[in-house]
Amino acid sequence: MAVYNHTAVEKKWQEFWKENPVNVDDGKKEKYYCLDMFPYPSGSGLHVGHWRGYVISDVWSRYQLIKGKYVIHPMGWDAFGLPAENYAIKTHIHPKISVSQNIKNFKEQLKQINALYDWDREVNTTDPAFYKWTQWIFVKMFEKGLAYEKEFPINWCPSCKTGLANEEVVNGCCERCGTQVTKKNLRQWMLKITAYADRLLNDLDKLDWPEKVKKMQTEWIGKSYGAEVDFKVSGDVCPDEKITVYTTRPDTLYGATFMVLAPEHPLAKKLASEENREAVEKYIFDASMKSNVDRMQDKEKTGVFTGSYAVNPINGKEIPIWISDYVLIDYGTGAIMCVPAHDDRDYAFAKKFGIPIIPVISPDGEEMTDDKLPYTEAKGIMINSGDWNGKESSELKKEAPHIVEEMGVGKKTVNYKLRDWVFSRQRYWGEPIPIIHCPHCGNVTVPEEELPLELPDVENYEPTGTGESPLAAIDSWVNCKCPKCGADAKRETNTMPQWAGSSWYFLRYVDPHNDKALVDREKADKYLPVDMYVGGVEHAVLHLLYSRFYTKFLHDIGVVDFDEPFTKLFNQGMINGKNGIKMSKSKGNVVSPDDLVRDYGCDALRLYELFVGPPELDAEWDDRGIDGVYRFLNRFYKLCLDSKDKDIKATKEMLGVRHKLVRDIEKRLEAFSLNTVVSGFMEYNNALLDIAKKEGGIDKDTLKTFAVLLAPFAPHMAEEVWHDMGESSTVFSAGWPEYDEEAAKDDSIKLPVQINGKTRAVIEVQADAAKETVLEMAKKAVEDKISAGIVKEIYVPGKIVNLVVK
RNA sequence: GCCGCUGUGGCGGAAUUGGCAGACGCACUUGACUCAAAAUCAAGCGGUUAACAGCCAUGCCGGUUCGAGUCCGGCCAGCGGCACCA
């Protein structure tokens with residue numbers, strides 16, 4: 001029968017902690033802010049995969065707590081968004097109601113982890129007192145010119161008559177009804193995140209984040225250096241027009257044999273000559289009906305000749321102007337010069353349509369034959385390039401922008417892949433955008449004192465069919481007076497995306513009840529920024545980039561004095577079901593933590609969540625493994641019970657284990673190798689059990705040290721043992737133990753003796769033995785195998801002896 | 001296609017700057033306790049071998065080194081991200 005009654009013990013200490021809070025800000029302690037990515041409170045509840053990240057961050061938080069810090073470890077809810085809205089459409093239950101029910105359930109389940117969460121700090125993005133400030137930030141961005149309106153195409157399902165998010169488009173079709181998705185131009189609110197592109201890029205250097213995430217953000221921002229070059233249109237279809245292209249390879253200008261415009265380019269239609277007009281217009285129309293996804297899936301290049309020509313400014317040659325949808329209107333200038341000899345896509349296009357190909361770079365300076373093309377490296381000698389012949393292309397690549405600038409036909413430029421952020425949704429369940437459209441004053445912000453602009457109740461959550469949000473159907477809400485001139489005006493009916501609240505919620509946790517400011521500046525200075533952010537890697541770009549953008553903006557308007565929100569980031573791996581299949585209700589492979597907590601206890605599940613594998617990697621869940629950590633906890637507890645009433649004096653061996661334990665656990669914990677921390681506990685516990693067998697027990701100080709180290713991982717067990725050893729205050733006030741390097745050292749060590757790199761014997765030597773002594777012992781141990789004669793002797797103290805024989 | 005990560009027993013995984021490959025655990029086998037089972041405790045557990053010695057073993061091929069899971073070069077497989085970015 002198990003001696004450790006986890007249910008009773010865990011309940012006892014949970015009540016104890018409730019009455020004796022362990023994490024208190026006395027004003028003197030150093031702060032540590034450890035944050036989980038807040039969850040979307042879904043109706044299906046928590047599974048063992050959710051636990052993992054929360055256990056990791058809680059272990060880290062409790063570690064900081066024992067080290068004497070005041071830990072801010074909050075939790076909240078990211079509760080706007082599609083699932084709640086779709087549920088409302090189906091059931092006609094207001095999202096407010098379903099969301100609050102889900103939160104209640106989620107919170108109950110979350111409490112089983114018994115993390116250090118400070119529930120007084122709880123935030124909820126759908127609470128008007130919270131989204132007042134989400135709206136306030138928008139107002140400030142509008143005032144600074146960072147929020148603007150623009151016609152922008154969205155994914156549109158002609159059958160559902162609704163806009164779709166990218167993730168709702170599957171293989172170019174609507175996820176729900178299977179209809180081919182098209183595009184529809186709608187007026188959208190945009191946020192000018194591109195204004196921060198350089199800072200978002202450069203400040204990545206300041207961050208202690210996984211390199212992978214930094215790299216993903218760098219690529220997402222996609223900074224490139226190049227030149228804009230003007231090509232004059234020749235002929236009389238469009239006299240006096242010029243086309244500006246962006247290129248990163250101005251060195252290949254002599255090789256440009258055609259140009260291509262995006263179908264959406266303003267000149268695309270105009271450039272069509274009489275005989276080409278029909279084909280051009282058809283191509284442009286077809287492209288406009290294709291979804292972005294479709295357009296990208298086309299393998300074969302398509303295109304149409306406009307019938308017009310432009311003049312290559314470097315050599316005065318006329319080159320044909322084509323239209324093709326492989327050129328994107330929102331990158332660069334929406335037009336490119338094409339150098340088929342040195343670009344894969346241009347090459348494919350030229351081959352298909354029989355356009356001349358002129359090589360201008362050669363690795364050896366010789367003429368390039370067709371079989372060597374396309375040659376896409378910017379390395380080699382310029383050929384067929386007039387004055388530029390003989391130059392090194394990588395050098396020229398840097399000079400060329402200045403040359404075109406001097407010629408007056410272009411300029412040096414920088415481009416980004418990063419685009420401005422489409423910030424409006426034609427949906428109900430989101431923050432209303434606090435803008436009023438006045439016929440006289442234009443766009444006017446809702447006055448600050450009228451915030452929050454609350455989301456009104458509606459009868460119907462269905463999309464309107466016109467692409468407008470359901471809010472547009474509420475006349476009494478839409479019609480209002482202009483705050484500036486008093487004229488009849490209309491409210492904006494778009495709402496904000498789910499990202500809006502999650503882009504700044506971490507600031508609110510330090511001052512969640514403030515109705516005068518987003519966050520009190522003094523509190524912000526004291527508690528922010530976040531020291532450690534724990535969450536899934538799926539947010540590597542969007543959420544983490546948006547949060548950085550928001551933080552920089554709030555820094556610029558003086559709300560906070562730092563400009564990066566998350567100093568350190570840790571991405572935990574996912575927990576999957578059997579055979580690596582993602583846990584989901586539909587697959588029926590979801591493992592609920594509830595039964596495991598009941599049968600094994602919170603502590604055992606916490607340990608097992610870590611023991612399944614390296615925290616940064618994905619892991620497969622296997623219920624059976626939890627028996628191992630459960631047995632460990634019971635054995636440790638039994639050892640403590642057996643020892644507590646005996647007055648065991650610490651032997652040298654016990655002290656050795658104690659100091660090694662502290663040294664190893666601390667090192668592994670600092671390295672975030674949490675799975676090996678757990679195996680370390682087991683290993684040292686086994687060592688203590690062996691010693692206890694000989695000595696009748698283990699000294700109290702060693703067991704107490706063990707308990708303190710264990711406390712971040714298995715807080716209940718640690719507290720129980722701590723009190724069993726006669727302590728009356730909490731184990732979390734014990735302070736992190738220190739170790740003595742000397743005491744952790746063994747007197748003698750086992751040294752492998754190799755011959756030609758193969759271990760042939762193991763000798764035991766004094767730790768401080770002299771080289772000669774060790775070598776002598778080693779030779780003696782392998783006497784019979786070294787008769788051929790030793791060529792070389794290698795001795796690495798503490799590691800190995802290797803004897804090289806003939 | 002490009003970038004990144006990962007390949008170690010039946011399974012999850014350990015292994016400082018290159019230094020006893022398989023820690024710790026799961027599963028399994030045997031034994032003790034028990035009328036019996038569970039629980040617990042003890043022993044074993046990569047392959048080959050009757051056994052020891054030996055030999056073979058960290059996805060594959062080669063290299064550097066006294067010594068390679070670890071470093072270098074070339075492949076293969078799986079996972080993730082990006083994907084007409086001019």
Side-chain angles (χ1 to χ4, degrees), chain A residues 1-3 210-213 215-216 218-220 222-224 226 245-250 252 256 259-260 262 295-299 301 324-328 330-339 342-346 348-349 415-419 537-538 540-541 573-574 576 580 607-608 611-614 616-632 634-635 638 667-668 671 673 675-686 689 693 750-762 790-796 798-805:
Chain A
M1 205 180 114
V3 282
E211 285 307 314
K212 181 185 175 171
V213 175
K215 191 154 194 181
M216 281 168 76
T218 303
E219 279 170 16
W220 191 265
K223 186 173 187 176
S224 68
V245 303
Y246 171 71
T247 178
T248 54
R249 297 294 304 279
T252 62
M259 38 198 327
V260 175
R295 226 167 111 162
M296 285 191 294
Q297 273 168 353
D298 287 338
K299 297 225 165 60
K301 298 264 173 294
S324 174
D325 63 7
Y326 81 88
V327 175
L328 308 173
D330 44 15
Y331 182 74
T333 60
I336 60 170
M337 66 172 214
C338 298
V339 186
H342 304 290
D343 181 274
D344 293 319
R345 290 152 306 165
D346 296 349
F349 196 87
N415 246 290
Y416 301 90
K417 288 190 203 175
L418 184 69
R419 294 166 202 177
V537 74
E538 65 273 19
V541 194
M574 236 181 9
N576 294 316
L607 284 178
Y608 187 55
F611 193 58
V612 284
E616 69 280 7
L617 298 183
D618 289 355
E620 254 177 57
W621 188 263
D622 181 356
D623 265 352
R624 288 179 302 185
I626 197 173
D627 285 316
V629 292
Y630 184 71
R631 283 176 198 143
F632 151 68
N634 276 290
R635 281 194 275 248
K638 196 159 170 301
K667 197 156 126 199
R668 294 172 189 191
S673 178
N675 54 325
T676 63
V677 171
V678 179
S679 55
F681 281 135
M682 292 173 171
E683 192 179 350
Y684 283 110
N685 186 49
N686 290 345
L689 288 169
K693 242 180 257 171
K750 292 202 165 90
L751 208 59
V753 179
Q754 298 186 329
I755 293 172
N756 294 344
K758 302 232 178 224
T759 303
R760 292 292 180 237
V762 177
I790 294 170
V791 182
K792 196 172 177 186
E793 294 170 352
I794 289 148
Y795 170 51
V796 184
K799 297 276 188 206
I800 207 149
V801 175
N802 191 9
L803 304 172
V804 184
V805 301

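The sequence lines fix the lettering, A, B, ..., with proteins before strands; numbering per chain opens at 1.
Distance A:Glu620 CD to B:rU6 P: 18 Å, rounded to the nearest Å. What separates NZ of A:Lys799 from P of B:rA21 is a distance of 14 Å, to the nearest Å.
Nucleotide B:rA77 is matched to B:rU6 when pairs are restricted to Watson-Crick or G-U wobble geometry with both distances under 3.5 angstrom. Of all nucleotides present, none satisfies the Watson-Crick or G-U wobble test against B:rA51 with each distance under 3.5 Å. Base pairing of B:rC82 is made with B:rG1, judged by Watson-Crick or G-U wobble geometry with both donor-acceptor distances under 3.5 Å. Across every strand in view, B:rU29 sits in a pair with B:rA43 that passes the Watson-Crick or G-U test at under 3.5 angstrom. With a cut-off of 3.5 Å on both Watson-Crick or G-U wobble distances, the partner of B:rG12 is given as B:rC24. Applying the Watson-Crick and G-U wobble criteria (two distances, each under 3.5 Å), B:rU17 pairs with nothing in any strand.
A:Lys223 comes within 4.0 angstrom of nothing in the nucleic acid, heavy atoms only. Among the heavy atoms of the strands, none lies under 4.0 Å from A:Phe681. Here A:Lys750 lies in heavy-atom contact (under 4.0 Å) with a base. Residue contacts shown for A:Asp622 are absent, as no nucleic acid heavy atom lies under 4.0 Å away. Within the 4.0 angstrom heavy-atom criterion, base atoms lie near A:Val796. Nucleic acid contact class of A:Asp344 (heavy atoms, under 4.0 Å, all strands): none. Contacts of A:Gln754 with the nucleic acid, taken as non-hydrogen atoms under 4.0 Å apart, include base atoms.
With both ends at atom P, the span from B:rA53 to B:rG47 equals 15 Å, rounded to whole Å. Between B:rA15 and B:rU70, the distance separating the two P atoms is 15 Å to the nearest Å.
When the nucleotides B:rA14, B:rG19, B:rC20 are ranked by their closest atom to the side chain of A:Pro614, B:rA14 comes out on top. Of the listed nucleotides (B:rC85, B:rC24, B:rG19), B:rC24 has the atom at the smallest distance from the side chain of A:Ser679.
A 4.5 Å side-chain heavy-atom check between A:Arg249 and A:Val339 finds every atom pair outside the cut-off.
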>> For a side-chain hydrogen bond (donor to acceptor under 3.5 Å, both in side chains) check, start with the C-alpha distance between A:Tyr608 and A:Asp623, then their side-chain angles and the critical distance, and finish with the verdict.
In response: CA-CA 9 Å; A:Tyr608 187 55; A:Asp623 265 352; over 6 Å; no

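Projected onto RNA chain B by closest heavy-atom contact, A:Lys667 and A:Asp627 fall at different nucleotides, the more 5' of which corresponds to A:Lys667. Along RNA chain B, the nucleotide closest to A:Arg631 and the one closest to A:Val541 are compared, and the more 5′ of them pairs with A:Arg631.
When all heavy atoms of A:Ala335 and A:Val327 are compared, the pair lying nearest together is N-CG1, 4.1 Å.
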